[in-house]
Amino acid sequence: MLDLVERSASAAAARAPRSAHATRAPASRFSMEALGPALLDQIDCGLVACTGEGELLHANRAGRRELTHGGALWLAGGRVVCEASLRFDFEHAVREAVSARRTRMLLVGPESDPLRVVVMPVYAESDDEPCALVMLGRRALCSPLGLQMMAIESGLTSVEQRVLRALIDGRSAHEIALDHGVALSMVGAQIQAIRDKIGVRSVDALLLRAAQLPPVSSWQELPPAPAC
């Protein structure tokens, strides 16, 4: 996985135009050995690399969270596994990613909380054989930090942020009104205010805008929203 980050950085540098004042590259202040995993940890999408036998090679923060708490995939003796009824298909997909260079999408996890994953081969320059990358589907439309940043950028109040979060979680206006013990008309007015501030015409467009947010995962210190 680290080699992939290094190759991407090298390719980007090769495509960048040279200027008259940039004849010599500055000495790097960063260790790619440490920077590669740190970059992957900022992505709110689980990435799990393993061998064809399922032995874990690397997982970013979102991947580790799923392996530890998610319930769809976990570690058993250093191997990435899923529940018994789906294990054959998952293990077969991992083996084929390495041996046959095939990419497959499948569903793992319990029926009450399934998770869609893509298993694909990933090559590193130093290796003759690819490893298997298990790319995990996101469990939420957008990350909490992404939503918070959009809310701050649009000037949403704390109440409007809660309503937007509920909409993203799949709650209807009627359910939101019941949850908060307020009139449906008040929730409708709040949704209209959210749409106006973000600049969309419908709730569907609002959800699409949320889904388009960058998948950032790190929590940062952000200013609080106005109280009302």
Side-chain angles (χ1 to χ4, degrees), residues 1-19 22 24-52 54-75 78-80 90 93-94 97-98 101 103-105 108 115-153 168 208-223:
M1 297 297 292
L2 179 57
D3 288 335
L4 297 177
V5 176
E6 291 174 336
R7 283 195 306 174
S8 298
S10 299
R15 292 193 298 268
R18 293 179 176 270
S19 69
R24 186 174 59 184
S28 175
R29 295 183 292 114
F30 304 101
S31 165
M32 285 305 301
E33 185 174 354
L35 183 59
L39 292 174
L40 296 177
D41 279 346
Q42 306 314 307
I43 302 173
D44 188 42
C45 171
L47 301 173
V48 177
C50 57
T51 67
E55 296 176 1
L56 179 66
L57 297 173
H58 182 77
N60 69 346
R61 178 161 42 200
R64 295 192 299 272
R65 183 172 62 238
E66 180 64 36
L67 292 174
T68 305
H69 304 293
L73 297 171
W74 62 90
L75 288 177
R79 296 176 64 245
V80 182
F90 177 73
V94 169
V98 173
R101 278 63 166 171
T103 298
R104 287 188 58 192
M105 183 167 65
V108 296
L115 183 67
R116 197 168 295 278
V117 304
V118 169
V119 184
M120 61 190 300
V122 173
Y123 299 85
E125 288 182 347
S126 58
D127 297 327
D128 296 329
E129 187 176 72
C131 68
L133 173 64
V134 184
M135 185 176 296
L136 312 180
R138 295 168 65 184
R139 290 192 176 277
L141 196 62
C142 64
S143 70
L145 178 58
L147 176 62
Q148 188 179 3
M149 289 192 293
M150 183 173 75
I152 291 173
E153 179 186 56
I168 289 173
L208 178 60
R209 185 69 59 86
Q212 293 170 337
L213 291 171
V216 290
S217 66
S218 293
W219 284 97
Q220 308 287 341
E221 288 295 329
L222 294 174

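Positions are given from 1, in the same order as the sequence printed here. Keep in mind that the numbers below use all heavy atoms, side chains included, and drop hydrogens, waters and symmetry copies.
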Could you measure the distance from the [atom1] atom of [X] to the [atom2] atom of [Y]? Nearest 0.5 Å is fine.
X      : Y      : atom1 : atom2 : result
Ser217 : Arg65  : OG    : CZ    : 7.0 Å
Asn60  : Leu39  : CG    : CG    : 11.0 Å
Leu147 : Ile152 : CG    : CD1   : 10.0 Å

Could you report the tightest heavy-atom contact between [X] and [Y], atom names first, then the distance?
X      : Y      : value
Cys50  : Val94  : SG-CG1, 3.9 Å
Ala97  : Ala132 : CB-CB, 4.0 Å
Ser143 : Arg138 : N-NH2, 3.4 Å
Val98  : Cys131 : CG2-C, 4.0 Å
Ala210 : Cys142 : O-CB, 3.4 Å

Please examine the side chains of [Y] and [X], heavy atoms only from C-beta on, and report whether any two atoms are closer than 4.5 Å.
X      : Y      : value
Leu145 : Asp44  : no
Met135 : Leu47  : yes
Leu213 : Met149 : no

Restricting to side chain to side chain contact (heavy atoms under 4.5 Å, CB included), what partner residues turn up for [X], sequence neighbours left out?
X      : answer
Arg139 : Glu66, Ala72, Asp113, Leu115
Arg79  : Glu55, Val81, Glu91
Leu75  : Leu56, Leu67, Val80

- Test log, rule side-chain contact (heavy atoms from CB on, under 4.5 Å), inputs Val48 and Leu73: CA-CA 10 Å; Val48 177; Leu73 297 171; 5.6 Å; no
- Item | Donor-acceptor pair, side chain of Thr103 and main chain of Val118, under 3.5 angstrom | no
- Message: Using modelled atom types and a 3.5 Å cut-off, is there a donor and acceptor pairing between side-chain atoms of Arg64 and backbone atoms of Ala59?
- Response: yes
